[in-house]
Undergrad: 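Let me give you the structure first, and then I'll get to my questions.
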Number of protein chains: 2
Amino acid sequence: MSSEISDRNRRILEAIIEDYIDSAEPVGSRSVTRRHSLGISPATVRNVMADLEEMGYLSSPHTSAGRVPTGKGFRFYVDSLLRVREFSDSERLRVEQQHNLKGRRLEELLRDAGKTLSAMSHYTGVVLAPRVAETHFRQIDFVKLSNRRILAIFVSDSGQVQNRLIETEEDYSKSELEQISNYLNQSLSGLSIAQAQARLIEEMAKEKDLYNCLLRRAMRLTDVAFSSDDGDHGELFIEGASQMLDQPEFCDVDQMRNLFRAFEQKHKIVDLLDLSQKAQGIQIFIGTETRNNALEGCSLVTSTYSTPQGSLGVLGVIGPMRMPYSQVIPIVDYTARLLSRVLDYKS
Amino acid sequence: MSSEISDRNRRILEAIIEDYIDSAEPVGSRSVTRRHSLGISPATVRNVMADLEEMGYLSSPHTSAGRVPTGKGFRFYVDSLLRVREFSDSERLRVEQQHNLKGRRLEELLRDAGKTLSAMSHYTGVVLAPRVAETHFRQIDFVKLSNRRILAIFVSDSGQVQNRLIETEEDYSKSELEQISNYLNQSLSGLSIAQAQARLIEEMAKEKDLYNCLLRRAMRLTDVAFSSDDGDHGELFIEGASQMLDQPEFCDVDQMRNLFRAFEQKHKIVDLLDLSQKAQGIQIFIGTETRNNALEGCSLVTSTYSTPQGSLGVLGVIGPMRMPYSQVIPIVDYTARLLSRVLDYKS
DNA sequence: CTTTAGCACTCGGGTCCACTGAGTGCTAAC
DNA sequence: GTTAGCACTCAGTGGACCCGAGTGCTAAAG
């Protein structure tokens, strides 16, 4: 009668959830007793199930079907019952083979990490690149495309390359651009973007009276180059979306449509990943915890990864709520560690 | 009896195909006569249909259903019957509004073109960026990430930015890298990548005996930087894939899966688009003409677009074979023209 | 008070069947 | 050559039916 959950009931809940993870179908009292030797009759299980349903851990699709774990049920499972499987050496090897480590661009590495996540988990892999605003300045170059069009190319410490087109009011000569970039490269080296911007404003205030023409013009350029726009959040890579088509819960076309629409609206997923960027390590969002209607039936397992310069990204797996967390968690965890290691080696 | 197709039969075939495009369902003899006043009885239409089926323009899913146009039927329709609809001013406007022209990066422009194609056609938009190998050299920069890691950043005439990570055997100092890039920027300006490579080899042969150390080292770097890898083909953007979920022909999950797998195997689609890059202007691939099993039920309408420097890209729409070509063609055509214009303006 | 056995009940899913309607092919008349 | 008429085909729909997995409840046993 207590609102606490007894030890035996835990075990039953665990059994139900594990059966459901395997079968994707509502599980009944009989099949639980058959598949797990709990020394308990189906009738007892039924009573317990009724209690668990009352408490919100289970729900029944209709009266004569079995029970299905709710989001709350899975949350309890993940928090209290889950024992994460150890990652075997052979699996480590598989990840490392999947993840082609040959020297390549950052973008390729990240995309590859997504593919690895997807291939290993059989769900969808997502990788959020480090936010540019948080990366550290390494070099900036200006390429003059035409009189009033300048391409600003920005290289971060982690090897990310960003470019932005700037339309100017005035002409800039080639040598002037060179001077500007030289100046910036010297004075901003190693700063974060935010710091760089602050530094520039500071400098400008100091020299205001001097009417330092070059500096003023440099400011005008960099102001645009550094201004954040919607491309501000790191790039998001979604790999293996089609894996979701194999999941029985998405055999319905409407559900599928929802999900793929969600994948196309990347900013919503970026927001979610940004959230989990705040906490280090593994994080799990179950069902409605994703705060995204289209992902109601899904869960997201994420982990942060980091470059040696300290800038952070997030990667993870999106799968059905019913995913085998004990297997997915080490996949996400290890891939994040591997990626951090590779990035470290790279720079 | 002639294997030629009579004028009346053409009209009937046209009517059938148009009805099928509207309804997505097999069309019967009666409904043809009802919807088009051809002054002909259903029985006559039946006779004609039988002939057309014999000739391979139509097929019947089963004996008591109507007829469905075959790929050959659509091909004939597109080649001989199609009258392309004029593009109204309001539609022009819609495209231009869709396509946000604000000054931005090439990548964003291309991706936006894909979104526009998708939004206007209600199918999936694809955009292939100009092949890097065919673009013209504008500038190259080397950024030293660590002792043995150098990031080569390459800017093409069209404003495309490519970067590549180079792992070197020997150290390069910062000033040396500057010298090298200065040298390259002067001597290679305006050449295509292929030409640039040839030029370098030529130079090297000339100076071989001189043991020009700088040049030799420059060579070694650029050799890697310019070497083509699988990232060689231009980048492919696929936008609005989820639109396909609304098409009745893909309500079946298996078909859907096939299609999305196809979208994930970008290289196959790149190959196809590369093909259509050879010919200028609009090209149409119907069903099996796409040479891609997963796209059997689909068609692809493409057009080339060009930068003022002459480098070429391709964009288009992938939709069901049953798509309203007379509407899709002007959408693709106009978007390609618009993109070319925007790129011209940009540089 | 908890557990269990037994029983009546529910409900989704599959099968069988008949009916309907859109469509065809063939033949004979115009 | 065209058309009307007719017999035939076949997918799809909806009702009747049963089956089986599952539940809730009750009463007896521990």
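Proteins come first, then strands; the chains are lettered A, B, ... in the order of their sequence lines, and each starts at number 1. Every heavy atom of this structure was used, including side-chain atoms; hydrogens, water molecules and symmetry mates were not. Remember, predicted model here, so these are calculated numbers, not experimental data.
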Undergrad: Which of residues 11-18 of chain B sit near DNA chain D, with a heavy atom under 4.0 Å from it?
TA: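 Per residue number, the list is empty: none.
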
Undergrad: Quick one: does A:Y325's side chain get under 4.5 Å of A:V332's, heavy atoms only?
TA: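 A:Y325 vs A:V332: side chains apart.
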
Undergrad: Walk me through it: do A:V314 and A:Q283 pass the test side-chain contact (heavy atoms from CB on, under 4.5 Å)?
TA: CA-CA 10 Å; A:V314 193; A:Q283 268 198 294; over 6 Å; no

Undergrad: Check the pair B:E53, B:S60 against side-chain hydrogen bond (donor to acceptor under 3.5 Å, both in side chains), reporting the backbone distance first and the verdict last.
TA: CA-CA 8 Å; B:E53 181 166 4; B:S60 27; 2.9 Å; yes

Undergrad: What do the steps show when you test A:S299 against A:F285 for side-chain contact (heavy atoms from CB on, under 4.5 Å), and what is the final call?
TA: CA-CA 5 Å; A:S299 284; A:F285 300 86; over 6 Å; no

Undergrad: Hey, is B:D246 close enough to A:R261 for a salt bridge, meaning N to O under 4.0 Å?
TA: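 Looking at B:D246 and A:R261, the cut-off is met.
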
Undergrad: Just checking, any donor-acceptor pair under 3.5 angstrom between side chains of B:E264 and A:S242?
TA: yes

Undergrad: Which is it for A:Y57 and A:Y77 under the ring pair (Phe, Tyr, Trp, His ring centres under 6.0 Å) test, yes or no, and what are the steps along the way?
TA: CA-CA 10 Å; A:Y57 295 113; A:Y77 173 73; over 10 Å; no

Undergrad: Heavy atoms under 4.0 Å is the rule here; annotate nucleotides 10-30 of chain D 5' to 3' with B where the base is hit, S where only the sugar-phosphate is, and - elsewhere.
TA: BS---------BSBB------

